[in-house]
Undergrad: 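There's a structure below that I have some questions on.
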Amino acid sequence: MVICDSILVTGAAGFIGAALVKKLLINGFNVIGIDNISPYYDVTLKKARLSNIQNSASTSQGLFEFFEIDIEDKFALKNLFEMNKISVVVHLAAQAGVRFSIENPDVYFQSNLVGFGNILEVVRHNNISNFIFASSSSVYGGSKQFPYKENQNVDNPVSLYAATKKSNELMAYAYSHLYKIPTTGLRFFTVYGPWGRPDMAPVIFAKSILEKKNLKIFNYGKMKRDFTFIDDIVEGIYRCCLKPAYDENTNLNKINQVPYRIFNIGNGSPVGLMRFIEVLEMNLGLTAKKEFLDMQKGDVVETWACTDALKKWIDYRPQTKLEEGVEKFVIWFKKYYKV
């Protein structure tokens, strides 16, 4: 186990970030969380996630501190590291959303490129023992080589969001190579579950079904996604926190040894979009009014993760079945949105 003073989680008010913070606190780690509380989607949900963390922190072994900081502010980041003893960094903060990037590219340049560079710089200058960052399944573009494996070519992104995530992987590799920073990148596959983002399919679909509005189904429903439950994603990140990207056989003094690893983290079993809707309908007890549409720009037909490398590295792979995950999501959804 890595012994550290504090773990920094960027994007701590986000869907994955908030769930990870709770996991770390329960396991006795001290956590510093930062987030800029962007209005990209309802900030009330972000603040509710933070309140949920604070409530759980009162009964946890670890301590939690939160700071409203934007990763684009390099001076604020510098001060944060000067005032706190941080040994591990989990970087999850980013401008999310494939479709949003088509109409609003500037925010992706700033947050996902400039902001990521700022994080790399503070990691470089502060003797961080383990750096973990979020990548995305979107880096595979429209590849038909299934299941997706980490060693296949990912040079053809079909959205700006995907391009920024591929750029992050390259930037992180360069820093790992130059400064011997133990670095792990995780390519997330269609994360869903309680406290999910309102701009993602599960919440959009559930609201449309409950409000009896047309449910827009793109590519006429002929799509598959490797839906991955939030608890499985968090477990994978947590285990990577405990295992930096090097081992006892890695000689960091050798020029060619780079302590950098990249892993898929997905369920490993793609589900048809219509099947996902069917399970959601069953849990809500309602039938959706379906509106079938053409494919959207920047979207892909199918995603499918090979998780053999992740399993070998941390002895874990996501395992929650869709039916179980959707049921937990709907229970939370009804409670949070007071259905």
Undergrad: Considering only NZ, NE, NH1 and NH2 on the basic side and carboxylate oxygens on the acidic side, decide whether R317 and D232 come within less than 4.0 Å.
TA: no
Undergrad: State, without any angle test, whether N36 and S38 hold a side-chain donor-acceptor pair at a distance under 3.5 Å.
TA: no
Undergrad: Flag this pair as yes if the NZ/CZ of K224 is under 6.0 angstrom from the six-membered ring centre of W304 and inside a 45 degree cone about the axis; otherwise no.
TA: no
Undergrad: Got a sec: does the NZ of K74 have more than 12 other heavy atoms crowding it under 6.0 Å?
TA: no
Undergrad: Side chains of S111 and E72 only: does a donor on one sit below 3.5 Å from an acceptor on the other?
TA: no
Undergrad: Judged by atom type as modelled, is there a donor-acceptor pair below 3.5 Å linking the side chain of R239 to the main-chain atoms of I314?
TA: yes
Undergrad: Closer than 3.5 angstrom, by distance alone: can the side chain of N112 be matched with the main-chain N or O of Q95 as a donor-acceptor pair?
TA: yes
Undergrad: Please answer: with hydrophobic residues joined when any side-chain heavy atoms are less than 4.5 Å apart, are Y220 and M223 in the same cluster?
TA: yes
Undergrad: Within the structure provided, determine whether I16 and I237 are in side-chain contact (heavy-atom separation under 4.5 Å).
TA: yes
Undergrad: Return all side-chain donor-acceptor pairs below 3.5 angstrom for residues 330-339, not counting sequence neighbours, or 'none' if the list is empty.
TA:
none

Undergrad: I'd like to know whether the aromatic ring centres of F133 and F116 sit less than 6.0 Å apart in this structure.
TA: yes
Undergrad: Examine the side chains of Y148 and D226 and answer whether a donor and an acceptor come within less than 3.5 Å of each other.
TA: no
Undergrad: Tell me whether the count of non-hydrogen atoms from other residues, nucleotides or ligands lying under 6.0 Å of CD in Q61 goes above 12.
TA: no
Undergrad: Ignoring hydrogens and geometry beyond distance, is a side-chain donor-acceptor pair present between N156 and Y140 at under 3.5 Å?
TA: no
Undergrad: Whether the side chain of T320 engages the backbone of F229 through a donor-acceptor N/O pair (distance < 3.5 Å, no angle test) should be reported.
TA: no
Undergrad: So, do I26 and S56 sit near enough that their side-chain heavy atoms are less than 4.5 Å apart?
TA: no
Undergrad: Any carboxylate oxygen within less than 4.0 angstrom of a Lys/Arg side-chain nitrogen, looking at K213 and E211?
TA: yes
Undergrad: Examine R275 relative to F227 and say whether NZ or CZ is less than 6.0 Å from the centre of the six-membered ring and inside a 45° cone about the ring axis.
TA: no
Undergrad: Quick check against the 3.5 Å criterion: does S176 have a side-chain atom that pairs as donor or acceptor with the backbone of A172?
TA: no
Undergrad: State, yes or no, whether a side-chain contact exists between S135 and N168 at a heavy-atom distance under 4.5 Å.
TA: no
Undergrad: To the nearest 0.5 Å, what is the distance between OG on S208 and CD1 on I217?
TA: 10.0 Å
Undergrad: Main chain of D73, side chain of D70: is a donor-acceptor contact present, judged purely on distance under 3.5 Å?
TA: no
Undergrad: Can you name the nearest heavy-atom pair linking A245 to P182, along with the distance?
TA: N-CB, 4.0 Å
Undergrad: So that I can tick it off, tell me whether E121 and R124 are bridged by a salt bridge, with the cut-off set at under 4.0 angstrom between side-chain N and carboxylate O.
TA: yes
Undergrad: Does the side chain of L50 come within less than 4.5 Å of F66's, by heavy atoms?
TA: yes
Undergrad: Go through the structure and list residues passing side-chain contact (heavy atoms from CB on, under 4.5 Å) with S159, not counting sequence neighbours.
TA: V98, S101, Y161, A162
Undergrad: Does a salt bridge link E235 with K23, judged by any charged N lying under 4.0 Å from a carboxylate O?
TA: yes
Undergrad: If the threshold is 4.0 Å, N to carboxylate O, is there a salt bridge linking K165 and E169?
TA: no
Undergrad: Is any side-chain heavy atom of E150 closer than 4.5 Å to one of N264?
TA: yes
Undergrad: How are the rings of W313 and F263 set relative to one another: parallel (under 30°), tilted (30 to 60°) or perpendicular (over 60°)?
TA: parallel
Undergrad: Got a donor-acceptor contact below 3.5 angstrom from the D35 side chain to the I37 backbone?
TA: yes
Undergrad: Any Lys/Arg nitrogen of R99 or D299 sitting under 4.0 Å from an Asp/Glu carboxylate oxygen of the other?
TA: yes
Undergrad: Below 4.5 Å, heavy atoms only, C-beta onward: do Y175 and V123 meet side chain to side chain?
TA: no
Undergrad: For the backbone of D42 and the side chain of T44, can you confirm whether one donor and one acceptor N or O come within less than 3.5 Å of each other?
TA: no
Undergrad: Is it the case that the side chain of Q110 and the backbone of G115 share a donor-acceptor pair, with hydrogens and angles ignored and the cut-off at 3.5 Å?
TA: no
Undergrad: Is a salt bridge present between D308 and K312, judged by a nitrogen-to-oxygen distance below 4.0 Å?
TA: no
Undergrad: Take atom CG in N127; do more than 12 heavy atoms of anything else shown fall under 6.0 Å from it?
TA: no
Undergrad: If we count only N and O atoms by modelled type, under 3.5 Å, do the side chains of T287 and E281 hold a donor and an acceptor together?
TA: no
Undergrad: Given the ring of Y41, does K46 sit roughly above its face, with NZ or CZ under 6.0 Å from the centre of the six-membered ring and within 45° of the axis?
TA: yes
Undergrad: Is a side-chain N or O of N153 found less than 3.5 angstrom from the main chain of D155, in a donor-acceptor match?
TA: yes
Undergrad: Should H91 and L8 be marked as a side chain to side chain contact (heavy atoms under 4.5 Å, CB included) after you check the CA-CA gap, both sets of side-chain angles, and the distance that decides it?
TA: CA-CA 8 Å; H91 179 52; L8 173 66; over 6 Å; no
Undergrad: Using side-chain contact (heavy atoms from CB on, under 4.5 Å) as the criterion, point out the one residue from I132, V89, N27, T184 that pairs with C241.
TA: I132
Undergrad: Under 4.5 Å between any side-chain heavy atoms of F15 and L20, yes or no?
TA: no
Undergrad: What's the shortest heavy-atom distance between Y192 and K321, and which atoms?
TA: OH-O, 3.9 Å
Undergrad: Do V158 and K297 come within less than 4.5 Å of each other through their side chains, counting heavy atoms only?
TA: no
Undergrad: Please find the pair of heavy atoms, one from A12 and one from V21, that lie closest to each other, and give the distance.
TA: CB-CG2, 4.2 Å
Undergrad: Ignoring hydrogens, what is the shortest heavy-atom contact between P270 and E302? Give both atom names and the distance.
TA: CG-OE2, 3.8 Å
Undergrad: Check whether Q152 reaches the backbone of K149 with its side chain - one donor and one acceptor, N or O, closer than 3.5 Å.
TA: yes
